[in-house]
Undergrad: 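Shown below is the structure under consideration.
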2 protein chains.
Amino acid sequence: MSEQPPSGRRERKKAATRQKIADTALRLFLERGYDAVGIRDVAAEADVAVTTVFSHFAAKEALVFERDADVERRLARAVTDRAPGAPLVPALRQEMHALVRHCLADEAAPVWRMIDASPALREYEGSMRLRHAETLAAALAAEPGAPRGATACRALARFVVDAFALAREADDPETAVDDIFRMVEAAWEAAGAGVPVRPVT
Amino acid sequence: MSEQPPSGRRERKKAATRQKIADTALRLFLERGYDAVGIRDVAAEADVAVTTVFSHFAAKEALVFERDADVERRLARAVTDRAPGAPLVPALRQEMHALVRHCLADEAAPVWRMIDASPALREYEGSMRLRHAETLAAALAAEPGAPRGATACRALARFVVDAFALAREADDPETAVDDIFRMVEAAWEAAGAGVPVRPVT
DNA sequence: CTCCAACAACCTAACGGTTAGTGTTACGGT
DNA sequence: ACCGTAACACTAACCGTTAGGTTGTTGGAG
């Protein structure tokens, strides 16, 4: 979309530095615990200056959620790139199943245990999801298929990210996603009550 | 319930100190801006030690949301103390209308403008609401009337606090509450699909 | 009435995330 | 070859927050 703008070496070096910092940080966090590792430790181990760390990551917590931009994109694309005519909410439910499985069954399990153990990380995750919800809301509002009001779009987006958070904490995450999405589906239909679902035909 | 445990003077002095700190802090924040006022400033102006501030408030942001325990209680009571036989979701909607009006039309307007202007405060408010949602979820789960699963209760609680956040940002907050609560109502009914709504009769 | 345990509040000093301020290098386009 | 700029470094702080240890008032037991 907007990748590979002009060229090369600088951007490669920059990306390499960023990756090195993120990898080093995650390794140290898992080895010694999130709170026991300081930014100065990460910087020293990655052989960069402290200020360099903060030029790549806005905060210490962001080191843990390095790939969060992917999730944001995937959520929006689950809406925009779905098969033409495919229903909206089931598409989102499917994506959510994929996300939950990815976070839960993966080799990523220790990371999520670490996140759950740290209030700072949990709080950061919360506001991150809120950003994702806003992006998703924008994608929903741009949908030609079922144009609800802006408020309804934002509400649905929030409900969806809520579903993720709740499912991750539930005993049976897969079932929880389905349970919550039954509610989400009903909510979305109710939002379209005034505006007819099939107006054109 | 659990107020006025034994007695007197100590608790009164303590409460007075707490109030003095909160009042001083809010005044300074509004005068000079949240970021421009440090904890050390607040402590000096309130004539207490820095450590005393933190013995009354867990964080700087908590100085702004001093009365948040009230909101938490009111939410739970909107469920538990409603007229017998009264429907659940409308009771919550009514409470939400009251909350939104209180935050919006009040003399509290400058405070909320300050909150909206500060990322730190917005983030703090987010996790605060999450706590409120958990409290509300517990109240819902204890309801004899319509016992959905624990997941459904937590989901509804989240949707409700989402409604507050979204309504506060909407052009027409009152209408937004109603719009979102139409969705919430539908979600709650859908959650009761498996479990019959009137099982005993 | 006295004395003691508890607890609010104090002070000092630090820790750890974050940010200016200021250079220094190495690309990349001209 | 040359210059503007982006990436990184170093230092030194700022600010929220916490630990350590002290003082003084209070409420209640003896």
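Quick note on labels: first sequence line is chain A, next is B, and so on, each numbered from 1.
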Undergrad: Measuring from His132(B):NE2 to Leu75(B):CG, what's the distance to the nearest 0.5 Å?
TA: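 Here the rounded value is 7.5 Å.
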Undergrad: Is it the case that atom CG in Asp81(A) sees more than 12 heavy atoms from other parts of the structure closer than 6.0 Å?
TA: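 Yes, the 6.0 Å shell around CG holds more than 12 heavy atoms from other groups.
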Undergrad: Using a strict heavy-atom distance below 4.0 Å, which residues from residues 51-63 of chain A are in contact with DNA chain C?
TA: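 Output list: Thr51(A), Phe54(A), Ala59(A), Lys60(A).
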Undergrad: Can you say whether the rings of Trp112(A) and Phe164(A) are parallel (under 30°), tilted (30 to 60°) or perpendicular (over 60°)?
TA: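 Judged by the thresholds at 30° and 60°, the geometry between Trp112(A) and Phe164(A) is perpendicular.
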Undergrad: Counting only distance, no hydrogens or angles, is the base of dA26(C) paired donor-acceptor with the side chain of Arg9(A) under 3.5 Å?
TA: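 Looking at the base of dA26(C), it does not pair with any donor or acceptor on the side chain of Arg9(A) (distance under 3.5 Å).
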Undergrad: More than 12 foreign heavy atoms under 6.0 Å from CD of Gln94(B): is that the case here?
TA: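 It does not: Gln94(B) CD has 12 such atoms or fewer within range.
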Undergrad: For Arg82(A) and Glu143(A): C-alpha separation, side-chain torsions, deciding distance, then whether salt bridge (charged side-chain N to carboxylate O under 4.0 Å, His left out) applies.
TA: CA-CA 11 Å; Arg82(A) 72 189 195 278; Glu143(A) 269 296 290; 2.9 Å; yes
Undergrad: Under 4.0 Å: is that the gap between some side-chain N or O of Thr17(B) and OP1 or OP2 of dA9(C)?
TA: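 So the side chain of Thr17(B) is within the cut-off, an N or O lying under 4.0 Å from OP1 or OP2 of dA9(C).
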Undergrad: With a 6.0 Å cut-off (strictly less than), is the heavy-atom count around CG of Asp171(A), excluding the residue itself, greater than 12?
TA: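 Count not over threshold, so no.
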Undergrad: Which part of the nucleic acid does Val48(A) contact within heavy-atom distance under 4.0 Å: base, sugar-phosphate only, or nothing?
TA: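 Sugar-phosphate, no base atom in range.
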Undergrad: Of all heavy-atom pairs between Ala46(A) and Lys20(A), which one has the smallest distance, and what is that distance?
TA: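 It is O-CE, 3.3 Å.
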Undergrad: Can you tell me the distance, in whole Å, between the CZ atom of Arg10(A) and the P atom of dT25(C)?
TA: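 Spelled out: CZ on Arg10(A) to P on dT25(C) is 15 Å.
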Undergrad: Identify, residue by residue, the members of residues 31-45 of chain A with a heavy atom below 4.0 Å from DNA chain C, and return them in order of residue number, or none.
TA: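 Contacting residues: Val37(A), Gly38(A), Ile39(A), Arg40(A).
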Undergrad: Parallel, tilted or perpendicular for Phe65(A) and Tyr124(A), by the 30°/60° rule?
TA: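 Correct class here is parallel.
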Undergrad: Taking CG from Asp47(B) and C1' from dC10(C), how many angstroms apart are they, rounded to a whole number?
TA: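 For the pair Asp47(B) CG and dC10(C) C1', the rounded distance is 11 Å.
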Undergrad: Does Asp179(B) reach the main-chain N or O of Ala176(B) with its side chain, forming a donor-acceptor pair under 3.5 Å?
TA: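 Judged by distance alone, no pair lies under 3.5 Å.
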Undergrad: Determine: side-chain N/O of Lys13(B) to OP1/OP2 of dT26(D), distance under 4.0 Å, yes or no.
TA: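 Looking at the OP1 and OP2 atoms of dT26(D), one of them is under 4.0 Å from a side-chain N or O of Lys13(B).
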Undergrad: Please report, rounded to the nearest Å, how far the P atom of dA7(D) is from the NZ atom of Lys20(A).
TA: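 Checked: the NZ to P distance equals 17 Å.
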Undergrad: How close or far is atom P of dT26(D) from atom CZ of Arg12(B), stated in whole angstroms?
TA: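 That distance rounds to 10 Å.
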Undergrad: Starting at atom NZ of Lys14(B), determine the distance to atom C1' of dA8(C), rounded to an integer number of angstrom.
TA: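 It works out to 7 Å between those atoms.
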